[in-house]
Amino acid sequence: QSWTNDSNKNSLSTSEEPSSMKPFSSSKEQYDQMNSRVALRIAFVTCFAKDYHRQNEISSDDDDENTDNNISFNKSILKTKKQRAGFFEGDLAMHHAQELLNIVFAREGNTSTSSCRPLFDESVSFDSNNSILSTIQEERSFIKDDSRATNKAKSFSFAMRHRAMRVASILCPHDVLLRVLTEEGLVSKITDDVINKFTFASFVASEIEAMGLPLPHSDLVQLSSMNYSSFARTIWRHHGGVSSRGLSGRFYLLLLNLCINNQLSIDWELFVSIFSELKRLELPRSLLLACECAVQSNALELAASEERADILSCVGDAVNTISSIVINEITSSIEGGNEQSVQDCLSTLHRIASLIIAEPVQVDRISFMNTYMAMSSHFESRSHRKLSQGFSKEATRILAHLTDPHQFSAASSSTSPNSDSGHNAAEQNVEYSTLKNSKEAVEAFERRF
C-alpha cells in the first residue's frame with residue numbers, strides 16, 4: 001500500500017513494510033518477537049535442565065540417562081526436583097543471577113565454554129527443530145574434553161548479553177540482582193533504576209550491533225552513562241544510509257528510543273524529525289510502533305506539561321495517517337478478493353484505537369468514532385460480520401473515553417447497535433441522550449468515573 005501517487009518513490013521502504021496490518025511485517029517486530037521467545041525458552045531450560053548449577057560430576061547412572069536425546073517433560077521435572085534438593089530456592093536465584101549477570105557484563109573478547117553458552121547461540125535460538133535440552137547435554141560432553149572445549153569457546157555478542165539480561169529479569173528478584181551486582185563488583189554505584197539502565201543499554205548495544213553500526217564503547221557500564229540523545233544525532237548524521245539495507249524502520253525506532261530515554265528532558269526537534277522521516281519513508285508498522293512508544297514512555301505527558309502543542313499534533317497526525325492507511329488497505333483487500341486475516345485486521349484496529357483514546361494524544365475522537373461506525377455498516381452490508389463487529393467494538397471503546405458529556409450524548413446517538421458491543425453501548429448511553437437538563441447530564445456523566 002503506497003501512501004503517495006508516485007509508485008516509484010521510496011519503493012525500497014514500501015517493500016520493507018508492504019502491509020500496514022500483517023503482524024511482524026517489520027524488522028523491529030520480528031526481532032522483538034524472537035528475543036521474547038528466546039528469553040522465555042532460556043529461562044525455562046535454565047530452570048528445568050538437570051543439575052544446571054551443580055559443580056560436581058554427574059553420576060554414571062545419570063550419564064546413562066543423558067545419552068537419550070528424547071528427554072521427556074516428566075523426566076525434566078524429576079531432574080529439577082533433584083537439582084533443588086541440593087540448593088535452596090534462594091541459592092538457585094543467586095546462581096542464576098551470578099551466571100547471567102557475568103554474561104551481561106562480559107568484557108569485549110571474553111569467551112565462554114560453560115554449559116550456558118549454547119542457550120544464547122543464534123543458531124540454536126532460531127532452530128525450532130533443535131532440542132535445547134539435548135544441546136546442553138551434548139555441550140557438557142564437549143566441555144569435559146579440554147581440547148574440544150577450546151574450539152567451542154565463543155565470544156559473547158551484545159545480542160547474547162541482552163538476552164541474558166532479559167532472562168535474569170525473568171528468573172531473579174530485583175533485590176537478588178542488586179546483591180549480585182554489589183558482591184561481584186560489576187558496578188561501582190547501585191541505584192534503584194540501575195537494572196533498567198543496564199537493560200536499556202544492552203538493548204541499544206544489541207540493536208547497533210545487529211545493524212552493523214559502530215559502538216562508542218564495548219563496556220556496558222560506559223554505554224549506560226551515555227548522552228543518548230546526542231548519540232542518536234551522531235549515528236543519524238553518520239549512518240543514516242542504513243535504510244538502504246532494508247532496516248530504516250528499525251533504525252529510526254532505535255533513534256526514537258534513544259531520544260525519549262531521558263524523560264526529564266527530551267530533544268523535541270529530533271523527536272519531530274524522526275516522525276517526519278517515518279512518514280516520508282512510508283513505514284506504517286514502524287510509525288504505529290513509534291506512536292505506541294511515545295505514549296507508553298510518557299513523552300506526550302511531558303510535552304503536554306511543557307505546552308508543546310506541536311509535539312502532540314505530530315503524534316496525532318501520525319495516528320490519523322495510520323488509521324487511514326489501515327482502513328484503505330482493509331477495504332481494497334476485501335473488494336479485490338484478497339482478504340487479509342480478519343484477526344490481523346482486528347488486532348491492528350485495537351492498537352490504533354488504544355492510541356486514539358490515550359489521553360495526551362490530540363485527535364478528533366468523534367470523527368474516528370463516526371468513521372469506524374460507517375465502516376462497521378459498510379462491512380455488515382457486505383456480509384463481513386466479524387470485521388463489522390470489530391469496527392463497532394473499537395468505536396464503542398472510543399465513545400466510552402469521551403470526556404465531554406455533551407459530545408458523549410451526541411455521539412452515543414450515532415452508534416448503531418449492529419453488534420453485541422454496540423447494543424450494550426446503546427443501553428449504557430441512553431440516559432445521557434434522554435436527559436434534557438444539561439446539569440443533570442453532566443452529573444450523570446461524572447458518575448461513570
Value rounded to 0.5 Å, distance of [atom1] in [X] from [atom2] in [Y]:
X: D219; Y: S224; atom1: CG; atom2: OG; value: 8.0 Å
X: H217; Y: M226; atom1: NE2; atom2: CE; value: 6.5 Å
X: I42; Y: C47; atom1: CD1; atom2: SG; value: 12.0 Å
X: H384; Y: I330; atom1: NE2; atom2: CD1; value: 11.5 Å
X: C314; Y: F271; atom1: SG; atom2: CZ; value: 6.0 Å
X: M373; Y: M375; atom1: CE; atom2: CE; value: 12.0 Å

Got a sec, which residues hit salt bridge (Lys or Arg N to Asp or Glu O under 4.0 Å) with D317, two or more places apart in sequence or on another chain?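 Once residues adjacent in sequence are excluded, D317 has no partner under the salt bridge (Lys or Arg N to Asp or Glu O under 4.0 Å) criterion.
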
Treating [X] as the side-chain partner and [Y] as the backbone partner, does any N or O pair qualify as donor plus acceptor under 3.5 Å?
X: E329; Y: S20; result: yes
X: S276; Y: V272; result: yes
X: E207; Y: L254; result: no
X: E277; Y: Y252; result: no
X: S392; Y: Q389; result: no
X: S347; Y: D344; result: no
X: S206; Y: F203; result: yes
X: R365; Y: L402; result: no
X: E17; Y: S286; result: yes
X: S323; Y: V319; result: no

Are R233 and E269 close enough for a salt bridge, meaning some N to O gap below 4.0 Å?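 Salt bridge: yes.
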
Indicate every side-chain donor-acceptor pair of residues 350-362 with a distance under 3.5 Å to a residue at least two apart or in another chain.
| from | atom 1 | to | atom 2 | distance (Å) |
| --- | --- | --- | --- | --- |
| H350 | ND1 | E394 | OE2 | 3.3 |
| H350 | ND1 | R397 | NH1 | 3.0 |
| R351 | NE | E292 | OE2 | 2.8 |
| R351 | NH2 | E292 | OE1 | 2.8 |
| R351 | NH2 | E292 | OE2 | 3.4 |
| S354 | OG | H350 | O | 2.9 |
| S354 | OG | R397 | NH2 | 3.1 |

Heavy-atom distance under 4.5 Å between the side chains of [X] and [Y], does that happen here?
X: I334; Y: L387; result: yes
X: N102; Y: L186; result: yes
X: L253; Y: C293; result: no
X: F198; Y: L101; result: no
X: F231; Y: N261; result: no
X: F158; Y: L223; result: yes
X: W268; Y: D310; result: no

Closest approach of [X] to [Y] (non-hydrogen atoms, all atoms of both residues):
X: T199; Y: S169; value: OG1-OG, 4.4 Å
X: I208; Y: P214; value: CG2-O, 3.7 Å
X: D267; Y: C259; value: O-SG, 3.4 Å
X: V194; Y: I190; value: CG1-CG2, 4.5 Å
X: L171; Y: P173; value: O-CD, 4.0 Å
X: S230; Y: N227; value: N-OD1, 3.1 Å

Side chain to side chain contact (heavy atoms under 4.5 Å, CB included) evaluation trace for L349 with Y372: CA-CA 10 Å; L349 279 176; Y372 283 19; 4.2 Å; yes

Applying the side chain to side chain contact (heavy atoms under 4.5 Å, CB included) test to S202, which of M160, R166, R161, M165 qualifies?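 Answer after filtering M160, R166, R161, M165: M165.
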
Hey, which of L264, I266, L258, I260 is the one that makes side chain to side chain contact (heavy atoms under 4.5 Å, CB included) with N262?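 Option passing the side chain to side chain contact (heavy atoms under 4.5 Å, CB included) with N262: L264.
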
State which residue, out of K22, R285, Q343, fulfils the side-chain hydrogen bond (donor to acceptor under 3.5 Å, both in side chains) condition with T348.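 Only one of K22, R285, Q343 forms a side-chain hydrogen bond (donor to acceptor under 3.5 Å, both in side chains) with T348, namely R285.
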
Please determine, by modelled atom types, if S388 and R382 share a side-chain donor-acceptor pair under 3.5 angstrom.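 No, no side-chain donor-acceptor pair sits under 3.5 Å.
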
Set out, in order, the CA-CA distance, both residues' side-chain angles and the distance that settles side chain to side chain contact (heavy atoms under 4.5 Å, CB included) for F200 and D193, then state yes or no. CA-CA 11 Å; F200 182 75; D193 64 340; over 6 Å; no

Could you walk me through whether F275 and L287 pass the side chain to side chain contact (heavy atoms under 4.5 Å, CB included) test, one step at a time? CA-CA 7 Å; F275 271 84; L287 190 59; 3.9 Å; yes

Take atom CG of D175 as the centre, draw a 6.0 Å sphere, and report whether it contains more than 12 heavy atoms from other residues, nucleotides or ligands.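 Yes, enclosed.
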
So does R308 have more than 12 non-hydrogen atoms from other groups sitting under 6.0 Å from CZ?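 Result for CZ/R308: enclosed.
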
Show the numbers, then the answer: is there a side chain to side chain contact (heavy atoms under 4.5 Å, CB included) between R163 and N35? CA-CA 7 Å; R163 291 173 191 168; N35 260 342; 3.2 Å; yes

